[in-house]
Amino acid sequence: MSEETYDIAREQYERRYMAALAQRIRAIREERGLTQQSVARAAGIASDMVSRLENGHYTSPGLRTLLRIADGMGVPLALLLPDLPGPTASPESTLLALLNSVAQRAQPHELELLLDLAKVVIGRDRP
């Protein structure tokens with residue numbers, strides 16, 4: 001195989017991989033009921049970065065970006081990678097991701113209220 005043929009094959013593989021990564025990120029985000037904006041906010045990245053990645057316009061995200069996106073969705077990084085089995089989120093992990101999304105949008109005084117409410121609800125269920 002010539003070097004040129006190898007480069008073309010590698011480029012095609014990378015395109016397919018990035019398309020699969022984009023599909024995986026979108027599927028996980030939608031499965032968890034998250035918006036692109038809420039993921040970006042929770043991840044601490046630019047609000048259009050998730051959209052560009054999901055739509056194939058951001059073709060070389062760094063590890064740090066992928067780690068932040070995974071963290072913002074409340075999933076391990078490995079779940080985003082196309083080489084691994086698809087997402088099978090438990091109801092608990094989905095709820096935790098939604099709670100994280102809500103908390104990311106809250107103001108400091110609202111976070112205090114959410115914490116107080118959580119303590120009341122959790123205390124009610126335990127003896």
Side-chain angles (χ1 to χ4, degrees):
M1 177 185 291
S2 73
E3 188 173 328
E4 183 178 333
T5 303
Y6 174 79
D7 288 344
I8 291 170
R10 181 180 174 111
E11 186 176 314
Q12 289 172 344
Y13 168 78
E14 288 172 357
R15 271 196 232 119
R16 284 191 309 272
Y17 189 89
M18 290 308 298
L21 176 67
Q23 290 172 345
R24 179 73 72 107
I25 290 171
R26 175 173 288 178
I28 293 169
R29 179 183 58 74
E30 290 176 348
E31 176 184 278
R32 294 180 174 287
L34 302 170
T35 65
Q36 291 176 344
Q37 292 78 18
S38 67
V39 170
R41 191 176 305 114
I45 60 177
S47 60
D48 68 326
M49 194 175 289
V50 176
S51 174
R52 289 188 297 136
L53 182 57
E54 287 184 4
N55 293 312
H57 301 296
Y58 184 37
T59 57
S60 59
L63 179 59
R64 175 181 272 170
T65 299
L66 293 176
L67 282 168
R68 288 180 175 198
I69 289 172
D71 187 53
M73 289 195 291
V75 299
L77 173 63
L79 194 59
L80 300 183
L81 303 179
D83 296 341
L84 300 176
T88 54
S90 69
E92 294 83 12
S93 65
T94 299
L95 290 172
L96 284 171
L98 290 171
L99 184 59
N100 182 46
S101 177
V102 168
Q104 292 295 325
R105 294 189 308 261
Q107 299 296 318
H109 71 280
E110 294 168 331
L111 282 173
E112 290 176 13
L113 291 172
L114 286 171
L115 182 58
D116 289 341
L117 180 61
K119 287 177 183 177
V120 169
V121 170
I122 291 170
R124 180 182 66 194
D125 291 342
R126 297 203 176 140

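No hydrogens, no waters, no symmetry mates; every other heavy atom, side chains included, goes into these values. It should be emphasised that the depicted structure is a prediction, and the values quoted were computed from it without experimental measurement.
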> Stepwise, does the side chain to side chain contact (heavy atoms under 4.5 Å, CB included) test hold for Leu115 with Leu111?
Replying inline: CA-CA 6 Å; Leu115 182 58; Leu111 282 173; over 6 Å; no

> Looking only at atom types and distance, does a side-chain atom of Arg29 sit under 3.5 Å from a main-chain N or O of Leu34, one as donor and one as acceptor?
Replying inline: yes

>> Count I, L, V, M, F, W, Y as connected when their side-chain heavy atoms are under 4.5 Å apart, and connections chain through other members. Are Val120 and Leu113 then in the same cluster?
In response: no

> Got Leu53 and Met18 here, is their nearest side-chain heavy-atom distance under 4.5 Å?
Replying inline: yes

> Quick one: are Ser51 and His57 in side-chain contact, heavy atoms under 4.5 Å?
Replying inline: no

> To the nearest 0.5 Å, how far apart are CG in Asn55 and CZ in Arg26?
Replying inline: 5.0 Å

>> Could you measure the distance from the CG atom of Asp48 to the CD atom of Gln37? Nearest 0.5 Å is fine.
In response: 10.0 Å

> Are side-chain heavy atoms of Met49 and Gln36 found at a separation under 4.5 Å?
Replying inline: no

>> Nearest 0.5 Å, please: how far is CD1 in Ile28 from CE in Met73?
In response: 5.0 Å

> Is there side-chain contact between Arg32 and Val75, with heavy atoms separated by less than 4.5 Å?
Replying inline: yes

> For the residue pair Ala70 and Leu80, what are the closest heavy atoms and their distance?
Replying inline: CB-CD1, 3.7 Å

>> Quick check: do Ile25 and Leu21 have side-chain heavy atoms less than 4.5 Å from each other?
In response: yes

>> Would you compute the distance between atom CD1 of Ile69 and atom CD1 of Ile45 and round it to the nearest 0.5 angstrom?
In response: 4.0 Å

>> Under the salt bridge (Lys or Arg N to Asp or Glu O under 4.0 Å) definition, can you give me all pairs with a residue in residues 111-120, not counting sequence neighbours?
In response: none

> Got a sec, which residues hit side-chain hydrogen bond (donor to acceptor under 3.5 Å, both in side chains) with Ser47, two or more places apart in sequence or on another chain?
Replying inline: none

